[in-house]
Amino acid sequence: MAVANHIKRKSRRLTRSFIAKAFAENLFGAARPAPAGTLRGIDVLPTSTVQQKLSRAAQIMFTSRGELPNYEAPSTFYEKLVLSKFFAPIPMPSPADKLGCGAFIPEEFSEVAQTIPPVWVGHEPITLELLQSLDLPEGRYFAKSNCGSGTNLSFQWPISEEKRAKLEKYSEGWLTLAHGERAGEWWYGLIRPQNLIEPDYAPDPSESLSDWKFHTGGGRVVAVQLDLDRSGAHRQLIFDRDFNFINEELFFRTGAPIDKPPMFETAVTVAESMARKFEYARIDFYLMEDRLYLGEITLAPIGGQRLPRSSELDAIMGRAWQGGLFGSGES
C-alpha cells in the first residue's frame, strides 16, 4: 500500500507540473483554440479530469516499467498516444462512430474502399421480433454498437434461443453504456448510441474476415497489426508499413509471419490519406481480393491504458510517429 501511494504521489506531482507548463508555455498548442471543425480533450473535459487521466497513465507506466513518462518531450508510442487523447485536435462529428466513419474515406478511393452496408440500424434492442421483420436470408451476421469497443456479437440466422437471449440483453446494454468514460475517451460521449446489423462478407463461411489494423501517427502508418484465432491460440502479428515483420509483441503474443495480402499497399495508401486529418488513428480494414472494407476508426487502442508488451516496439512505433503534434513540441 505504501508503495502504491508513493507511485500515485509521484504521478500526480509530475502531471500537475506538466499541465501548468503546457498551458503557460503553449506545449502542444494547449494555449491556442482548437482548429475550426475539431475538438480536443482539454477543451471538452475539466482540467482536473485531464490531470487525473494523465496521472493514471503515468502510474500504469511506472508500475510496468519503473519509470514515469516524459510528457514534455515524449518519444515512445505510449507517451504520444496518451497525450494525443487530450491535446490532439479531432475532427467532428466524432470519427469513432462506426456509422459515420465512412465519411473519412477520401472520394478518390471510393471505388476501392467503403464501409459494409448494414442491413439494419436503430436506437432499440435487437429482439426476435425485429429480426423476423427484416426477412433476413440464412447465414451469419454481426450485431454491433456504433460507439463502443468490444460491443459486437456474431449470430446465425435462423437464430438459436440461447443466442437470441444473449443478443437482446447485450444490445439493450449497448444503448446505455458510457463507453470510454473511465479511460478519458471523451469522443464517445458525443455519439448518439445506435445498434446495427451487418452481413458477413467472409468468402468462406467457416472463416472470419481478416481484420488489419493500421496504426497511424503524424499522417503515416507506424505499424500494422493482424490478430489471428482470437477464440483459440490468439496471435497478434506486427508489420511495418512496408510489410516487414516485426518480431515484437504489442498487446498479445506474436506468431509466425504470413504472406502479404493482395490489397496491402492499397490499404497503406488509403490509411495514410485518411490519417492526414488525425494526429493518431488506428484505421481498421477488412482486406478482400480487390476491395477494402473500413471497419472503424479507433483513436486510443485499449483506451490508451496499456503499454506495448515490448518496450522495443514501443520505441519503434514512437520513432515512426513524427510530425504533427510532436514535430517541434508545439502544434
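- Remark: side-chain polar atoms of Thr38 are not paired, donor with acceptor, to backbone N or O of Ala34 under 3.5 angstrom.
- Taking all atoms of both residues into account, the shortest heavy-atom contact from Gln305 to Ile60 is O-CD1, 3.4 Å.
- Relative orientation of the Phe285 and Phe214 rings is perpendicular, given thresholds of 30° and 60° on the angle between their planes.
- The shortest distance between side-chain heavy atoms of Val270 and Leu292 falls below 4.5 Å.
- Taking a cutoff of 4.0 Å between a charged side-chain nitrogen and a carboxylate oxygen, Glu272 and Arg241 qualify as a salt bridge.
- For the salt bridge (Lys or Arg N to Asp or Glu O under 4.0 Å) with Asp314, the lone residue among Arg65, Arg309, Arg306 that qualifies is Arg65.
- Between Ser149 and His179 the shortest side-chain heavy-atom distance falls below 4.5 Å.
- When every heavy atom of Asn26 is checked against every heavy atom of Ala30, the shortest pair comes out as OD1-N, 3.3 Å.
- Electrostatic pairing of Glu79 and Arg319 does not count as a salt bridge here, judged by no charged N lying under 4.0 Å from a carboxylate O.
- Ion pairing of Lys260 with Glu265 is present here, as a side-chain N (NZ or NE/NH1/NH2) and a carboxylate O approach within less than 4.0 Å.
- Here the two rings, on Phe28 and Phe326, have centers that are under 6.0 Å apart.
- Aromatic pair Phe18/Phe87: centroids less than 6.0 angstrom apart.
- Side-chain contact check for Asn70 and Glu72: no donor-acceptor pair (N or O, by modelled atom type) lies under 3.5 Å.
- Asp200 places a side-chain N or O within donor-acceptor distance of the main-chain N or O of Ala202, the cut-off being under 3.5 Å.
- Contact annotation: the side chain of Ser11 never approaches that of Leu14 to less than 4.5 Å [non-hydrogen atoms, C-beta and beyond].
- Note on ring orientation: taking the six-membered ring where Trp is involved, the planes of His215 and Phe77 are perpendicular (angle over 60°, cut-offs 30° and 60°).
- A centroid separation of 6.0 Å or more is found between the aromatic rings of Trp157 and Tyr141.
- When all heavy atoms of Thr216 and Ala275 are compared, the pair lying nearest together is OG1-CB, 3.4 Å.
- More than 12 heavy atoms of other residues, nucleotides or ligands sit less than 6.0 Å from atom CG of Asp229.
- Residue-environment remark: NZ (Lys277) stays at or below the threshold of 12 foreign heavy atoms within 6.0 Å.
- Shortest non-hydrogen contact noted between Pro125 and Asn195 is CA-ND2, 4.1 Å.
- When side chains are defined from C-beta on, Leu83 counts as touching Tyr71, because their heavy atoms get closer than 4.5 Å.
- Between Phe239 and Phe264, the distance separating the two ring centers is not shorter than 6.0 angstrom.
- Defined by atom type and a distance below 3.5 Å, a donor-acceptor pair is present between the side-chain atoms of His234 and Asp227.
- Listed for the Thr298 side chain is no donor-acceptor partner under 3.5 Å among the backbone atoms of Pro301.
- No single ILVMFWY cluster, assembled from side-chain heavy atoms under 4.5 Å apart, contains both Ile197 and Phe142.
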Working note: Trp212 + Tyr286, criterion ring-ring contact (aromatic ring centres under 6.0 Å, His included); need CA distance, chi angles, decisive distance, verdict. CA-CA 6 Å; Trp212 292 80; Tyr286 301 109; over 10 Å; no
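- A donor-acceptor contact shorter than 3.5 Å links the side chain of Arg291 to the backbone of Glu111.
- Using a 4.5 Å heavy-atom cutoff, the side chains of Arg220 and Gln322 are not in contact.
- Atoms OH and CG, on Tyr293 and Asp211 in that order, are 14.5 Å from each other to the nearest 0.5 Å.
- Lys85 places no side-chain N or O within donor-acceptor distance of the main-chain N or O of Leu54, the cut-off being under 3.5 Å.
- When only modelled atom types and interatomic distance are considered, Trp186 and Glu181 share no side-chain donor-acceptor pair under 3.5 Å.
- At least one side-chain heavy atom of Lys10 sits less than 4.5 Å from a side-chain heavy atom of Phe62.
- Checking side-chain atoms of Gln236 against main-chain N and O of Phe251 turns up a donor-acceptor pair under 3.5 Å.
- The pair Glu162-Lys166 does not meet the salt-bridge criterion, since no charged nitrogen lies less than 4.0 angstrom from a carboxylate oxygen.
- Two residues are said to be in side-chain contact when any heavy atoms from C-beta on lie closer than 4.5 Å; Pro95 and Cys101 fail this criterion.
- Leu250 is connected to Ile258 through a chain of hydrophobic side-chain contacts under 4.5 Å among Ile, Leu, Val, Met, Phe, Trp and Tyr, so both are in one cluster.
- Put simply, the side chain of Pro91 reaches to within 4.5 Å of the side chain of Phe104, judged on heavy atoms.
- Leu99 and Ile191 are not part of a single hydrophobic cluster, where members link through side-chain heavy atoms under 4.5 Å apart.
- Remark: the backbone N or O of Glu249 is not paired with any side-chain donor or acceptor of Thr254 at under 3.5 angstrom.
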